[in-house]
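Note that this is a predicted model, so its numbers are computed, not measured.
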Amino acid sequence: MSDSSAMAILLPSTSALLSHKVTHVCISPRVANTQVRKNIAKRVFENGNTRRHLVMTKAQTSLEAVTAESIDDQNDFGVVNLHHVGILCENLERSLDFYQNILGLKINEARPHDKLPYRGAWLWVGSEMIHLMELPNPDPYTGRPEHGGRDRHTCIAIRDVLKLKAILDKAGIPYTLSRSGRPAIFTRDPDTNALEFTQIDSP
């Protein structure tokens, strides 16, 4: 650290140092946005007849030099919500039988079939969507976790887990319940893609 840098660090506390007749100065680097920073800033310690004044410095690493405000500005590109989830399937008709006839999802007819080089369907999930894509799936069919919560999965908010449980029971589709005890149920589609259905309160 240069002499000028050291002076810049100490100048903000010069009056305090003189008024308290400080005999020892401890300099500590600033740690941004932590309780440590709050605790160490300008604290005076008594130790017999010796007064110690702890000065918070402006020394930072290169990463710390980027302020939280500038990071927020750089990353604020306008996130609104989750628009859709893409799910791969081997056979579109088989998947539509599951998503439409078992889960009751409706097709969004806006999908531009003629512009996409693969078969698929868009399904409404509230105001968002699932995009089914008939493409090769890199995930194995076997060896997946029994509980879908331990696998990559899509979560859909619903109003009645017990009603869905009855639907899956009637269709003979296996499922597991949430391990945390909350009202949620996990199952898999015909291509073993894991789906979570979590119950939310009505608005």
Side-chain angles (χ1 to χ4, degrees), residues 33 63 66-203:
N33 299 322
L63 289 178
V66 181
T67 65
E69 290 77 10
S70 66
I71 291 175
D72 289 342
D73 291 341
Q74 291 172 8
N75 290 340
D76 184 12
F77 51 88
V79 172
V80 178
N81 56 32
L82 187 66
H83 185 271
H84 71 270
V85 174
I87 294 180
L88 300 178
C89 63
E90 183 179 46
N91 182 280
L92 181 61
E93 285 70 30
R94 182 181 66 176
S95 293
L96 285 175
D97 181 58
F98 173 79
Y99 284 95
Q100 285 186 282
N101 299 332
I102 303 296
L103 300 183
L105 303 185
K106 306 299 182 184
I107 288 183
N108 178 357
E109 301 292 351
R111 183 181 189 271
H113 300 288
D114 56 329
K115 295 181 180 179
L116 297 172
Y118 53 87
R119 299 177 71 223
W122 292 358
L123 299 166
W124 285 115
V125 182
S127 60
E128 284 70 48
M129 290 176 284
I130 285 176
H131 287 187
L132 288 177
M133 301 178 287
E134 192 180 77
L135 293 168
N137 194 334
D139 291 331
Y141 275 72
T142 60
R144 310 294 288 275
E146 178 187 1
H147 181 57
R150 297 181 60 118
D151 200 352
R152 59 176 72 87
H153 60 276
T154 299
C155 183
I156 299 173
I158 63 174
R159 307 212 185 282
D160 193 337
V161 162
L162 291 180
K163 186 172 183 179
L164 176 58
K165 180 178 178 295
I167 292 171
L168 296 177
D169 283 334
K170 184 177 180 181
I173 296 174
Y175 57 81
T176 56
L177 301 178
S178 172
R179 304 295 168 86
S180 68
R182 60 193 172 81
I185 192 168
F186 293 79
T187 190
R188 291 184 181 273
D189 74 0
D191 294 274
T192 71
N193 296 301
L195 302 170
E196 175 186 356
F197 298 86
T198 186
Q199 183 171 305
I200 62 170
D201 295 330
S202 300

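Listed by first and then second residue, the ring pair (Phe, Tyr, Trp, His ring centres under 6.0 Å) pairs involving residues 113-143 are His84-His131, Trp122-His131 (not counting sequence neighbours).
In this structure, Ser178 and Ser180 approach most closely via the heavy-atom pair OG-OG, 2.8 Å. Smallest separation of non-hydrogen atoms from Val161 and Pro183: CG2-O, 3.4 Å. Pairing each heavy atom of Asp160 with each of Lys163, the nearest pair is OD1-N, 3.0 Å. What you find for Ala194 and Asp151 is that their closest heavy atoms are CB-CB, 4.4 Å.
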Dump the intermediate steps for side chain to side chain contact (heavy atoms under 4.5 Å, CB included) on Asp139 and Arg144, then the final yes or no.
CA-CA 9 Å; Asp139 291 331; Arg144 310 294 288 275; 3.4 Å; yes
Can you list the steps and then say if Ile156 with Ile130 is a side chain to side chain contact (heavy atoms under 4.5 Å, CB included)?
CA-CA 10 Å; Ile156 299 173; Ile130 285 176; 4.1 Å; yes
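Under the 4.0 Å criterion applied to side-chain N and carboxylate O atoms, Arg182 and Glu196 are assigned as salt-bridge partners.
Note: Met129 CE to Leu123 CG = 10.0 Å, rounded to the nearest 0.5 Å. Rounded to the nearest 0.5 angstrom, Leu135 CG and Ile87 CD1 are separated by 13.0 Å. Rounding to the nearest 0.5 Å gives a distance of 7.0 Å between CD of Glu146 and OG1 of Thr176. The CZ atom of Arg150 lies 11.5 Å from the CZ atom of Phe186; values are rounded to the nearest 0.5 Å. Here His153 contributes atom NE2 and Leu195 contributes atom CG; the two are 9.5 Å apart, rounded to the nearest 0.5 Å. Taking CZ from Phe197 and CG from Leu103, the interatomic distance works out to 4.5 Å, rounded to the nearest 0.5 Å.
Counting non-hydrogen atoms of other residues, nucleotides and ligands closer than 6.0 Å to CZ of Arg94 gives a total above 12. Few gaps surround CD on Glu93; more than 12 heavy atoms of other groups in view lie less than 6.0 Å from it.
Judged by distance alone, the side chain of Glu134 and the main-chain N or O of Arg119 form no donor-acceptor pair under 3.5 Å. The backbone N or O of Leu88 lies less than 3.5 Å from a partner atom in the side chain of Asn193, making a donor-acceptor pair.
Remark: Ile173 engages Phe98, Ile102, Leu168, Ala171, Thr187 in a side-chain contact (heavy atoms from CB on, under 4.5 Å) (not counting sequence neighbours). With sequence neighbours excluded, the residues that form a salt bridge (Lys or Arg N to Asp or Glu O under 4.0 Å) with Asp169 are Lys165.
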